Amino acid sequence: MRVVVINFLGLTLFCSSVWAVEAPSPANAPTQATTAATPAATPATAPPKPAILPATVPTANPNGQPQEAQPLTAEQIARNKALQDAKIKALVKDQSTRLQQLEKANLAALAQNQELQLKSDNLGVQVQVLQSERSAQMFLYGAATLAIGVLLGFLIASYVYTKRRRQW
């Protein structure tokens with residue numbers, strides 16, 4: 001059993017090295033730069049992420065044909081870094097304004113929630129008062145009906161009793 005496990009682990013390690021991805025060659029660098037430089041493919045809801053600029057910029061000779069890529073100068077690197085910093089600062093500022101808007105909306109929603117809870121509590125108290133008043137009113141109606149019934153019973157009984165007395 002131990003031999004099978006060891007062989008299985010060795011086989012998986014060997015197979016994982018077969019699937020390893022090779023590092024991109026300089027010939028593939030322009031295609032990667034074009035894919036990184038197209039932020040229009042990202043969804044509109046996600047904020048654009050700063051792209052990694054290539055170390056070389058293809059230039060064109062006077063005929064309009066691209067020459068071989070030349071290394072960037074220190075001035076160009078500084079300008080690119082400043083542009084990236086400006087983009088990052090703009091994103092941070094945008095995110096902070098969005099955060100402030102969300103906090104304001106959250107506070108407004110919390111205030112409205114408390115107000116609605118107070119109204120709900122007040123309405124619950126009013127419902128209980130009305131229910132107790134209604135039950136007290138029904139109790140009084142029942143007592144009045146019982147009193148009228150007893151009074152009518154005495155009147156009818158006394159009328160019948162006096163009528164029988166006269167007949168004798």
Side-chain angles (χ1 to χ4, degrees), residues 1-24 28 31-54 78-168:
M1 183 68 181
R2 184 180 286 180
V3 174
V4 173
V5 171
I6 292 172
N7 286 334
F8 180 72
L9 289 175
L11 182 63
T12 55
L13 289 175
F14 177 73
C15 290
S16 66
S17 65
V18 171
W19 293 101
V21 178
E22 294 182 14
N28 292 339
T31 58
Q32 290 176 351
T34 57
T35 57
T38 56
T42 60
T45 58
K49 296 180 181 176
I52 298 173
L53 296 175
R79 190 177 334 133
N80 288 342
K81 182 160 178 57
L83 286 173
Q84 285 180 348
D85 289 343
K87 286 180 184 178
I88 290 171
K89 286 180 182 178
L91 287 174
V92 167
K93 185 177 181 181
D94 185 44
Q95 291 296 326
S96 66
T97 56
R98 286 183 185 176
L99 178 66
Q100 289 173 353
Q101 289 174 349
L102 285 175
E103 285 177 352
K104 286 179 183 177
N106 189 21
L107 288 175
L110 286 173
Q112 186 179 9
N113 187 15
Q114 281 184 332
E115 187 177 321
L116 290 175
Q117 282 180 349
L118 287 174
K119 284 183 181 179
S120 175
D121 292 341
N122 288 339
L123 289 175
V125 168
Q126 287 179 357
V127 164
Q128 288 177 353
V129 167
L130 290 175
Q131 285 176 348
S132 64
E133 285 180 0
R134 181 71 176 165
S135 63
Q137 188 179 17
M138 286 296 160
F139 178 76
L140 289 176
Y141 285 159
T145 304
L146 185 64
I148 291 173
V150 168
L151 185 63
L152 282 176
F154 279 130
L155 288 175
I156 292 173
S158 67
Y159 177 71
V160 170
Y161 180 70
T162 56
K163 196 173 186 183
R164 283 188 184 171
R165 238 176 167 188
R166 286 187 213 155
Q167 289 179 355
W168 283 30

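Just so you know, these numbers come straight off a predicted model, no measurement behind them. Residues take their numbers from the sequence shown, with the count starting at 1.
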request  = Indicate yes or no: at least one non-hydrogen side-chain atom of Q95 is less than 4.5 angstrom from one of L99.
outcome  = no

task = List for me each residue that meets side chain to side chain contact (heavy atoms under 4.5 Å, CB included) alongside Y141, sequence neighbours excluded, and say none if there are none.
result = Q137, M138

Enumerate, atom names and distances included, each donor-acceptor pair closer than 3.5 Å involving a side-chain atom of residues 146-154, sequence neighbours excluded.
none

For residues 126-135, which side-chain N or O atoms pair as donor and acceptor with protein atoms under 3.5 Å away, sequence neighbours left out?
{"residue": "S132", "atom": "OG", "partner": "Q128", "partner atom": "O", "Å": "3.3"}
{"residue": "S132", "atom": "OG", "partner": "V129", "partner atom": "O", "Å": "2.8"}
{"residue": "S135", "atom": "OG", "partner": "Q131", "partner atom": "O", "Å": "3.4"}
{"residue": "S135", "atom": "OG", "partner": "S132", "partner atom": "O", "Å": "2.8"}

inquiry  = Before you tell me yes or no, could you show the steps for D85 and K89 under salt bridge (Lys or Arg N to Asp or Glu O under 4.0 Å), namely the whole-Å CA-CA distance, both residues' side-chain angles and the distance that decides it to 0.1 Å?
reply    = CA-CA 6 Å; D85 289 343; K89 286 180 182 178; over 6 Å; no

In residues 104-124, what donor-acceptor pairs under 3.5 Å come from side-chain atoms, sequence neighbours left out?
{"residue": "N122", "atom": "ND2", "partner": "L118", "partner atom": "O", "Å": "3.4"}

